[in-house]
There are 2 protein chains.
Amino acid sequence: MRRITLDDVANLAGVSPITVSRVLRKPDAVSEALRRRVNAAIQELGYVPNIAASRLASSRTHAIGVIVPTLYNVIFAEYLFALHEVLVGAGFQVIVVNSRYSEQEEENAIKVLLGQRVEAIIIAGVHHTQLAHQLLTRAHLPVVETFELSPDPIDLNIGMLQDRAGQAATQHLIDRGFSRIAFLAGNLDHRSQSRFDGYRLAMQEADLENLEIVTQRPRHSSVALGSDLLAFMHERGDHPEAIFCTDDNVALGAMQECRKRGIRVPDDIAIIGFHDLEFSACASPSLSSIMTRRFETGKLAAEKVLAALNSTSRQTPNQIDLGFEVIARESTGVTVAVSS
Amino acid sequence: MRRITLDDVANLAGVSPITVSRVLRKPDAVSEALRRRVNAAIQELGYVPNIAASRLASSRTHAIGVIVPTLYNVIFAEYLFALHEVLVGAGFQVIVVNSRYSEQEEENAIKVLLGQRVEAIIIAGVHHTQLAHQLLTRAHLPVVETFELSPDPIDLNIGMLQDRAGQAATQHLIDRGFSRIAFLAGNLDHRSQSRFDGYRLAMQEADLENLEIVTQRPRHSSVALGSDLLAFMHERGDHPEAIFCTDDNVALGAMQECRKRGIRVPDDIAIIGFHDLEFSACASPSLSSIMTRRFETGKLAAEKVLAALNSTSRQTPNQIDLGFEVIARESTGVTVAVSS
DNA sequence: TTGAAAGCGCTAACAC
DNA sequence: GTGTTAGCGCTTTCAA
């Protein structure tokens with residue numbers, strides 16, 4: 001059963017193949033009579049254009065590659081959603097590949113995307129293998145690194161200072177009068193590591209460096225992990241006055257575990273999370289957090305890519321800091337005005 | 001700046017293009033001497049094969065299309081993870097497209113995938129537009145519908161009976177002695193609707209049909225939605241003894257809102273969710289739920305696709321019911337044995 | 001507005 | 001084991 005091709009349509013409609021091609025891509029350039037005949041033939045045959053052939057012939061793929069560590073973490077889902085909105089709206093295909101937090105897998109992902117001849121690459125993170133860096137640099141296509149700010153961006157870079165945000169979260173706890181402050185995380189990916197750096201800096205500047213209590217386990221961030229980490233910490237005898245969790249999932253799990261153990265939040269222990277996920281405002285107690293701009297990051301990255309593809313002139317490398325915001329709520333002892 | 005092609009590599013290595021092609025695809029068919037020369041040339045030039053050309057020439061894409069409603073819901077992330085493991089492991093590319101719970105967008109997604117000449121389509125759900133159904137049927141490629149069981153499957157169908165699961169959740173509440181039982185949901189997608197059908201059936205069979213309390217709002221399922229729904233219900237004066245939430249996110253939100261309002265779970269109100277998400281076991285109180293098999297669904301769907309692609313003989317349409325399981329925990333008044 | 005010719009970069013099929 | 005030839009199905013360029 002041979003697949004229907006553009007030539008089949010042309011034959012049935014009694015026109016040349018190129019006319020069919022035009023009807024598909026720039027219908028206005030074809031007279032209405034022919035357009036009708038061609039469309040009828042397309043309908044009748046159930047013709048679906050072969051994109052591989054189109055890409056080869058035009059040497060345009062209209063595909064953008066996106067690399068994220070995982071889809072489990074909702075922040076990447078939000079980011080992808082925004083990317084999709086913009087790019088698909090502009091007629092591009094988005095090819096998503098996961099790196100699973102591995103630089104090696106990220107390198108492979110880059111190779112896959114280059115093989116697909118994507119017209120741009122948007123990549124979460126700024127840490128790459130040497131070869132990956134080389135491939136991205138030499139590919140001569142727009143590259144956007146996101147979520148973090150790089151000391152040495154490849155091309156465009158849209159993100160925030162994770163260490164500053166970690167510092168701000170910790171400072172918030174210090175400002176609330178706590179001094180025994182723990183940092184809770186599972187896997188220390190680069191961004192989590194930076195937040196940890198910020199935590200240490202804040203502690204050091206407040207002369208609290210000796211009281212840091214860090215619990216780490218090699219697991220991806222989740223509510224269950226937060227619960228486990230708090231249990232682990234508690235059972236080994238650490239009783240900090242406050243904890244800074246690497247993200248809101250871990251914070252929520254820690255909060256649940258506190259309730260289970262009769263530890264009151266924030267009276268016995270204050271908790272701040274990271275990312276200000278959707279549930280954080282309606283948790284009980286409501287969860288203090290650091291608001292980050294995932295949606296805007298995705299949107300802006302997509303827009304920058306479109307702009308770069310539409311302008312022939314190579315842009316100078318440029319960085320955009322989308323910042324963050326400390327959201328103080330009940331879990332760190334702040335009374336919150338009622339709102340929806 | 002012309003892109004490097006296979007011919008460039010061939011020239012540099014002093015061999016014919018087909019030899020380079022062989023080195024890439026079946027290295028064992030080439031002598032070691034030539035293989036070395038070719039690989040060296042590939043390295044030197046930084047050659048990356050053009051997949052579009054390869055697809056066109058071989059008329060094989062090694063691509064599998066997957067359609068999911070959204071990436072926000074973690075159950076689809078889990079499902080995709082399993083799909084990826086199997087399919088990428090077998091040398092296929094996975095092309096994911098979102099339908100955003102819209103049958104029209106699903107139809108478009110199918111067209112996009114057929115244009116990509118994917119070798120199979122795996123699609124969450126069994127409800128399609130007429131044209132979508134037609135396209136899938138006529139495409140003559142393996143199609144797997146998942147998450148639900150269809151009365152009329154297109155090809156393969158791997159899922160569960162959502163209405164039975166909804167019935168079981170409701171029956172669990174009835175068995176625990178509750179009679180004023182509400183159903184909480186936001187968007188009623190097809191699966192949620194089926195669970196609602198199951199709820200109504202269980203209520204009817206227990207002669208409780210007049211007590212159903214249903215709250216609906218057109219929002220995607222989330223913790224914040226659960227919180228809002230419970231608040232809404234409470235404020236309009238409905239005080240059921242138990243609620244069945246369309247999923248665990250809504251259930252968690254409802255539980256948080258109860259705490260905020262001083263409503264005790266399960267003493268004042270019992271709650272059961274759906275999907276048994278990761279956090280449900282460690283919530284406080286732990287959340288009763290219906291365990292569904294997202295990971296297995298993805299894995300099996302992928303394996304079935306591979307099997308279908310490897311056997312020339314057309315399989316007879318076949319269905320697999322992966323079932324579900326009632327997980328009784330504290331939120332419905334069940335004392336849970338301690339476990340990790 | 002329409003068409004003819006050539007070719008995108010690769011691989012299948014067949015020869016040697 | 002290696003090479004030659006002839007496309008895959010579309011779009012580009014140029015001509016009419």
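Throughout, a chain's letter reflects where its sequence line sits, starting with A, and its residues are numbered from 1. In this text, all values refer to a predicted model and were calculated from it rather than measured experimentally. Heavy-atom basis, side chains included; hydrogens, waters and symmetry copies ignored.
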Value in whole Å for how far the P atom of dT11(C) lies from CG of Asp7(B): 11 Å

Positive for side chain to side chain donor-acceptor pair (under 3.5 Å) with His128(A), one of Glu106(A), Glu103(A), His133(A): Glu106(A)

Closest-nucleotide ordering on DNA chain D, the 5'-leading residue of Ile18(B) and Pro49(A): Ile18(B)

Heavy-atom side-chain proximity of Leu135(B) to Leu131(B) below 4.5 angstrom: yes

Under 3.5 Å donor-acceptor pair, Arg22(A) side-chain atoms to dG3(C) base atoms: yes

Sugar-phosphate only, base, or nothing, as touched by Leu34(A) at under 4.0 Å among non-hydrogen atoms: sugar-phosphate

Spacing between Arg25(A) atom CZ and dG9(D) atom P, to the nearest angstrom: 17 Å

Touch class at under 4.0 angstrom, heavy-atom based, for Thr5(B) against every strand present: sugar-phosphate

Gln162(A) versus Phe147(A), closest heavy-atom pair with distance: NE2-O, 2.9 Å

Under 4.0 angstrom between Ser21(A) side-chain N/O and dC10(D) OP1 or OP2: no

Phosphate OP1/OP2 of dA4(C): any Ser16(A) side-chain N/O under 4.0 Å: no

Phosphate OP1/OP2 of dT2(C): any Ser31(A) side-chain N/O under 4.0 Å: yes

Sugar-phosphate, base or nothing in reach of Ser58(A), heavy atoms under 4.0 Å: sugar-phosphate

Flag for Tyr79(B)-Thr146(B): side-chain donor and acceptor within less than 3.5 Å: yes

Value in whole Å for how far the P atom of dT2(C) lies from CZ of Arg36(A): 13 Å

Nucleotide dT12(D), atom P - distance to CZ of Arg55(A) in whole Å: 14 Å

Nucleotide dG7(D), atom C1' - distance to CG of Leu56(B) in whole Å: 9 Å

Gap between atoms CD and P, on Gln116(A) and dC8(C) respectively (whole Å): 21 Å

Residue Val15(B), side-chain heavy atoms: nucleotide from dT11(D), dC10(D), dG3(D) that is nearest: dG3(D)

Pair Arg55(B)-Ser59(B), side-chain donor/acceptor within less than 3.5 Å: no

